[in-house]
Amino acid sequence: MTLPEDLPLHPDTLAIRSGIERSQFGEHGEAMYLTSSFVFENAAQAAARFSGEEEGNVYARFSNPTVTAMQTRLAALEGAEACVATASGMSAILSLVMATLQAGDHIVASNGLFGATQQLFGGILSKFGIETTFVPATDLDAYRKAVTPRTRLFFIETPSNPLTEVVDIAAVAEIAHQAGALLAVDNCFCTPALQRPLELGADVVVHSATKYLDGQGRVLGGAVAGRKAITEEVFRFLRTAGPTLSPFNAWVIFKGMETLRIRMEAQSAAALELARWLETQPGVARVYYPGLPSHPQHELAMRQQKSGGAIVSFDVRGGREAAWRVVDSTRLMSITANLGDTKTTITHPATTTHGRITAEARAAAGIGDGLLRVAVGLEAVEDLKADLARGLQA
Ligand SMILES: *Cc1c(COP(=O)(O)O)cnc(C)c1O
């Protein structure tokens, strides 16, 4: 069954109905195609498929129906012309860079990016002659000043990890376009349920589908969504280099997207309540949550996002020792670096996710030793408060 194209469909409906192609068996639940290759009816069809003259599947490094279904659904949710799925969020970012840049090119990136993205840009890419200038995420002038004649890509993450700084997507898009560069937005924290960067002027969105798109901490996955001209370049890299999404993971993510909006709304509402409560705790020096009026970019966040999202960070008084005490006093929250799960997770960024970047880079990004990040899940928020209160009030 394909979607009725004459019906204007709401994103809620697209999340449930888009991407479905029933097989000859008429299954209602979506089939999972665990196959690495596809057969042809004859030599001529094989030739036509390989040359691209005839559309269709050839080999699962290039395409697989289950992966295609997931791509179709995510493109619909992001309002993108097309989407290509990748094995992880990092391979989505790597594939975008490999497809759109060459040696000598320059990236302008917001600081406070996901730790591995910072290492990829600041460390690995510079070995191949691609340099990155990191700028303070909310300083628009800094983006303008960082432009060089070789700037081809702007890359931002909003809200940022773990400090939840909110970057003005429309304003950075304008700066990028004046420089003749593309703007890519890592939309992992908000997902299309809360924020649609392409509508705000971004050219391309990258995802770690590992997080909220799956939503239950089961599989790794990633995606690049945007104009066909960009995703086709990414696809050319992907089918050759191979960081393709597995059909099993694609199926899990495809089903995960059906409940994305209700999960994001419930988890955001709980995060707001937890953030408000943390602000009243004497052991907490500062709370970072875009849904709070005390957040420096609160107004922008409320314009750009449907809600504050599900990530709350806060500075505990007493530095690393006090922060670790809070972590070690929890009995419900999972002590893990992952996020985007129905189970609430707690992380000490300075010694985990951001432990590999230099102390100077950490300080520059504002990640102190007392900082904790909580990715709020679907448990009762009263139980989450009690879980944190134990360590905060010790
Ligand atoms: C997790 C994450 C990534 C990387 O995704 P993987 O699926 O772990 O490779 C990129 N950006 C953000 C914001 C993330 O949280």
Side-chain angles (χ1 to χ4, degrees), residues 70 74 78 83-98 107 109-125 132 134 137 155-167 169 184-195 197 202 204-225 234 238 241-246 248-250 252-253 256-257 264 267 271 288 290 305 309-313 334 336-341 345-347 349 352-357 365 367 373-377:
M70 179 265 170
L74 184 54
E78 284 289 0
C83 171
V84 283
T86 57
S88 66
M90 287 319 301
S91 57
I93 296 170
L94 176 68
S95 301
L96 174 69
V97 164
M98 297 303 271
I107 303 172
S110 56
N111 67 9
L113 292 177
F114 184 69
T117 312
Q118 284 183 55
Q119 289 168 50
L120 174 68
F121 287 3
I124 295 169
L125 290 183
T132 302
F134 292 98
F155 190 99
I156 61 175
E157 196 180 304
T158 181
S160 72
N161 178 24
L163 292 177
T164 75
E165 285 184 296
V166 178
V167 186
I169 296 172
V185 177
D186 183 331
N187 202 26
C188 176
F189 272 30
C190 275
T191 80
L194 302 184
Q195 169 173 281
V204 60
V205 166
V206 296
H207 269 288
S208 169
T210 314
K211 312 296 168 51
Y212 295 103
L213 298 184
D214 167 16
Q216 293 171 63
R218 298 167 292 194
V219 297
L220 286 181
V224 179
V234 175
L238 203 65
T244 315
L245 184 64
S246 93
F248 179 84
N249 291 13
V252 171
I253 295 162
M257 281 190 276
M264 290 310 289
Q267 290 175 231
Y288 306 85
Q305 308 170 196
I311 311 283
V312 181
S313 294
S334 312
T336 171
N338 197 23
L339 59 92
D341 201 300
T345 65
I346 187 164
T347 312
T352 58
T353 52
H354 292 67
R356 280 174 179 222
I357 60 173
I367 297 163
R373 184 193 75 192
V374 172
V376 179

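Residue indices begin at 1 and follow the sequence shown. Read the numbers this way: they start at 1 and go in the same order the structure lists the ligands and their atoms.
- At distances below 3.5 Å, not a single donor-acceptor pair connects side-chain atoms of Gln305 with backbone N or O atoms of Leu194.
- Atom CE of Met98 has 12 or fewer heavy atoms from other residues, nucleotides or ligands within 6.0 Å.
- Checking only distances, Cys188 never comes within under 3.5 Å of ligand 1, N or O to N or O.
- Atoms of ligand 1 lying under 4.0 Å from at least one heavy atom of Ser88, given by number and element, are 7 (O), 9 (O).
- Ser160 places no side-chain N or O within 3.5 Å of a backbone atom of Leu113 that could act as its donor or acceptor partner.
- The shortest N or O to N or O distance between Lys211 and ligand 1 is below 3.5 Å.
- Under the 4.0 angstrom criterion for non-hydrogen atoms, Gly221 is in contact with ligand 1.
- The ligand atoms of ligand 1 that sit less than 4.0 angstrom from a heavy atom of Glu157 are 13 (C).
- At the shortest separation from atom 5 (O) of ligand 1 among protein heavy atoms lies Ser208 OG, 2.9 Å.
- Residue contact check: Met90 has heavy atoms under 4.0 Å from atoms 4 (C), 5 (O), 6 (P), 9 (O) of ligand 1.
- Shown in contact with Asp186 at under 4.0 Å from a heavy atom are these atoms of ligand 1, numbered in order with element: 10 (C), 11 (N), 12 (C), 13 (C).
- Ranking the protein heavy atoms by distance from atom 6 (P) of ligand 1 puts Gly89 N, 3.3 Å first.
- Of the residues listed (Val234, Leu245, Thr244), the one engaging Val84 in a side chain to side chain contact (heavy atoms under 4.5 Å, CB included) is Val234, and it is the only one.
- Residue Thr117 has no N or O atom closer than 3.5 Å to an N or O atom of ligand 1.
- Between the side chain of Thr345 and the backbone N or O of Asn338, at least one donor-acceptor pair lies under 3.5 Å.
- Closest to atom 7 (O) of ligand 1, if we only count protein heavy atoms, is Thr210 OG1, 2.6 Å.
- One N or O on the side chain of Ser313 and one on the backbone of Pro162 form a donor-acceptor pair closer than 3.5 Å.
- Where the criterion is an N or O separation shorter than 3.5 Å, residue side chain and backbone included, Asn161 fails it with respect to ligand 1.
- At the shortest separation from atom 4 (C) of ligand 1 among protein heavy atoms lies Phe114 CE2, 3.4 Å.
- Under the 3.5 Å distance criterion, the side-chain polar atoms of Glu157 are matched with a main-chain donor or acceptor of Phe114.
- With Ser91 contributing its side chain and Thr86 its backbone, the two residues share no donor-acceptor pair below 3.5 Å.
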